[in-house]
Novice: 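Quick one: this structure, given as structure tokens, is what I'll be asking you about.
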Protein chains: 2
Amino acid sequence: MNKNSILRLSRYRNALNRLKNAGLVKIFSDYLADAVGVTSSQVRKDFSLFGIAGNKRGGYKIDALLEKLNTILGKNVVQPVVLVGAGNIGSALIKYKGFEKEGIRIVAAFDSEPAKIRPAAKVPILPVAELAAYVKANSIKIAIISVPESVAQQVFDTLRAAGISGFLNFAPLRLRSDNNCVVNNVNLELELENVIYFVNVFEKSGIGIGLDKD
Amino acid sequence: MNKNSILRLSRYRNALNRLKNAGLVKIFSDYLADAVGVTSSQVRKDFSLFGIAGNKRGGYKIDALLEKLNTILGKNVVQPVVLVGAGNIGSALIKYKGFEKEGIRIVAAFDSEPAKIRPAAKVPILPVAELAAYVKANSIKIAIISVPESVAQQVFDTLRAAGISGFLNFAPLRLRSDNNCVVNNVNLELELENVIYFVNVFEKSGIGIGLDKD
DNA sequence: TAGATTGTTAATCGATTAACAATC
DNA sequence: TAGATTGTTAATCGATTAACAATC
């Protein structure tokens with residue numbers, strides 16, 4: 001029930017959708033494990049953790065399994081999300097097709113720069129002044145933060161006060177927070193720095209560095 | 001010497017830069033731990049892992065410490081990086097200021113769409129056909145992959161063959177690879193899905209869900 | 001039934017934390 | 001010196017993996 005097991009559930013779901021499209025109806029933990037790159041023990045452990053049962057002899061029925069995973073992961077309803085900060089990254093995320101495909105909809109974006117306001121756009125870009133009211137009026141629970149580092153904490157606090165409890169944060173800093181919310185940080189500099197480190201070590205030593213999983 | 005300890009080194013470095021700007025000259029592991037949000041044991045353990053020594057009574061000298069961290073993390077030279085896929089996300093990354101600030105320079109971008117080619121731009125956007133030659137000619141080791149899922153594996157293989165050994169991958173799939181390279185995946189759908197899960201659990205149970213660290 | 005797979009418990013592994021001797 | 005901090009070893013913790021009884 002930790003973050004890793006949830007991420008794996010998403011991966012199982014992705015793999016199962018592909019396998020279903022390929023015509024499979026049932027699957028053994030062993031094969032699903034191969035498809036995702038984990039052990040069969042891991043698959044069965046994860047499933048049992050979420051009360052997902054298979055058939056002792058016939059493995060798991062893909063349809064039923066997908067249904068369970070969709071329910072657990074909230075895939076049966078479209079998840080409304082707001083985005084704050086319509087800069088480079090924010091604008092790209094607004095246009096990004098990958099979210100809609102996964103049932104995640106950015107319903108509105110907010111920016112402090114008057115030049116960026118476009119209330120009539122397909123995804124309306126509104127003044128940050130309207131943020132709290134919008135979030136409350138529409139009971140939004142999830143936000144993407146793509147503002148500059150300097151204002152990220154303030155934006156976070158505003159969102160928190162407006163009732164947001166789940167965050168995807170692109171600002172490269174650790175947000176100070178109470179613990180009744182969840183914050184996933186996407187720190188691009190850090191990720192690249194990490195890649196650079198391992199490549200440099202590799203260049204010097206010639207030792208295999210392995211494929212990162214996450 | 002695992003991925004986590006390297007990521008923490010980056011965080012120590014960020015914190016130390018701030019503390020240095022605030023006027024500090026020396027620091028105890030205990031205080032640095034507070035600044036980064038880890039235990040002092042963790043700080044000392046990480047440092048000892050990389051052969052960084054302090055003074056038994058006086059803690060660590062910030063300047064010397066930063067120098068060591070910069071060397072380990074490759075911060076003393078500008079790191080050239082190529083980007084493949086100048087779509088929404090790719091274009092945003094090209095314009096993103098955060099990389100240059102951290103000594104990471106996107107020296108060229110590549111796209112398969114003729115309309116996107118701009119060889120004269122500050123960050124030139126070139127045809128993918130020129131990719132392998134450019135990478136080899138300039139001894140580039142790091143690449144950002146921001147192409148659609150459907151062509152990501154093929155782009156990856158091309159980059160791999162051209163000599164790239166470090167990847168930041170935005171395509172939402174697991175790249176098949178030998179293990180003489182390092183791939184950090186940024187899967188935005190997965191990260192948001194994860195946030196959504198925890199928020200839904202929280203909404204139902206009312207139990208605190210905690211602040212994710214990573 | 002015999003054989004194979006699940007579900008779960010126990011063992012292992014790795015990373016984090018605590019403790020404390022060395023030492024400045 | 002006395003007191004406090006480092007560096008490192010041992011203990012703890014949590015997650016992954018192996019093993020196997022239950023069972024279809």
Side-chain angles (χ1 to χ4, degrees), chain A residues 1-12 16 19 24-66 68-69 72 174 194 197-198 209-214, chain B residues 1-12 16 19 24-66 68-69 72 174 194 197-198 209-214:
Chain A
M1 223 102 122
N2 56 64
K3 186 179 170 183
N4 285 345
S5 60
I6 306 294
L7 289 173
R8 282 196 301 270
L9 289 197
S10 290
R11 296 212 169 94
Y12 299 146
L16 287 165
L19 294 166
L24 287 191
V25 172
K26 291 175 299 201
I27 191 156
F28 297 138
S29 60
D30 194 32
Y31 298 165
L32 181 55
D34 285 344
V36 173
V38 299
T39 64
S40 62
S41 288
Q42 184 79 269
V43 170
R44 297 197 298 277
K45 184 82 172 197
D46 284 336
F47 286 176
S48 94
L49 215 52
F50 289 91
I52 296 174
N55 309 94
K56 289 268 174 190
R57 230 6 222 85
Y60 301 82
K61 285 184 192 162
I62 291 179
D63 273 335
L65 192 46
L66 276 171
K68 288 244 190 193
L69 292 174
I72 291 168
R174 183 155 302 235
N194 192 258
Y197 170 81
F198 283 107
I209 46 186
L211 176 73
D212 261 13
K213 292 146 295 175
D214 155 279
Chain B
M1 222 102 120
N2 55 66
K3 186 179 171 184
N4 285 346
S5 61
I6 308 291
L7 289 174
R8 281 195 302 271
L9 289 196
S10 289
R11 296 212 168 93
Y12 298 147
L16 287 164
L19 294 165
L24 287 190
V25 172
K26 290 175 301 201
I27 191 156
F28 296 138
S29 61
D30 193 32
Y31 299 165
L32 181 56
D34 285 345
V36 173
V38 299
T39 63
S40 62
S41 287
Q42 183 79 270
V43 171
R44 296 197 298 277
K45 183 82 172 197
D46 285 336
F47 286 176
S48 96
L49 215 53
F50 289 91
I52 296 174
N55 311 95
K56 290 269 173 187
R57 220 26 210 76
Y60 301 81
K61 286 185 192 163
I62 290 179
D63 274 334
L65 193 46
L66 276 171
K68 288 243 189 194
L69 291 175
I72 292 167
R174 183 156 304 236
N194 193 258
Y197 170 81
F198 283 107
I209 46 186
L211 177 73
D212 261 13
K213 292 147 294 174
D214 153 278

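The sequence lines fix the lettering, A, B, ..., with proteins before strands; numbering per chain opens at 1.
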Novice: Let me see the working for A/Y12 and A/F47 under ring pair (Phe, Tyr, Trp, His ring centres under 6.0 Å), right down to the final yes or no.
Specialist: CA-CA 10 Å; A/Y12 299 146; A/F47 286 176; 5.4 Å; yes
Novice: Just N and O in the side chain of A/S29: are any of them under 4.0 Å from OP1 or OP2 of C/dT6?
Specialist: yes
Novice: Can you measure B/L65 atom CG to D/dT6 atom C1' for me and round it to whole angstrom units?
Specialist: 13 Å
Novice: Which residue is it: A/R11, A/K68, A/R8? I am looking for the one with a salt bridge (Lys or Arg N to Asp or Glu O under 4.0 Å) to A/D46.
Specialist: A/R8
Novice: Taking atom P of C/dA11 as reference, at what distance in whole Å does atom NZ of A/K45 sit?
Specialist: 13 Å
Novice: When you measure from the side chain of B/N2, which nucleotide among C/dA15, D/dT8, C/dT8 comes out closest?
Specialist: C/dA15
Novice: Both distances below 3.5 Å, Watson-Crick or wobble geometry, any strand: find the nucleotide opposite D/dT23.
Specialist: C/dA4
Novice: Quick check: closest heavy atoms across A/I27 and A/L32, and the distance to 0.1 Å?
Specialist: CD1-N, 3.8 Å
Novice: What integer distance in Å separates A/Q42:CD from D/dT17:P?
Specialist: 6 Å
Novice: Going by heavy atoms in the side chains, are B/Y197 and A/K3 under 4.5 Å from each other?
Specialist: no
Novice: Are A/T39 and D/dT16 close enough that a side-chain N or O sits under 4.0 Å from OP1 or OP2?
Specialist: no
Novice: Given C/dT6, is OP1 or OP2 found less than 4.0 Å from the side-chain N or O atoms of A/N55?
Specialist: no
Novice: Could you state the CG-P distance from A/D30 to D/dA18, rounded to the nearest angstrom?
Specialist: 12 Å
Novice: Between C/dT23 atom P and B/Y60 atom OH, what is the distance in whole Å?
Specialist: 15 Å
Novice: How many whole angstroms separate atom CZ of A/F28 from atom C1' of C/dG7?
Specialist: 15 Å
Novice: What's the CD1-P distance between B/I6 and C/dA15, to the nearest Å?
Specialist: 12 Å
Novice: If you take atom types as modelled and just measure distance, does the side chain of A/K56 reach the base of D/dT23 with a donor-acceptor pair under 3.5 Å?
Specialist: no
Novice: What's the spacing between B/S40 OG and B/Y31 OH if we round to 0.5 Å?
Specialist: 11.5 Å
Novice: For B/R44 and C/dA22, what is the distance between atoms CZ and P respectively, to the nearest whole Å?
Specialist: 16 Å
Novice: Let me spell it out: for each of A/R57 and B/N4, pick the nucleotide of DNA chain C with the closest heavy atom. Which residue's pick is nearer the 5' end?
Specialist: A/R57
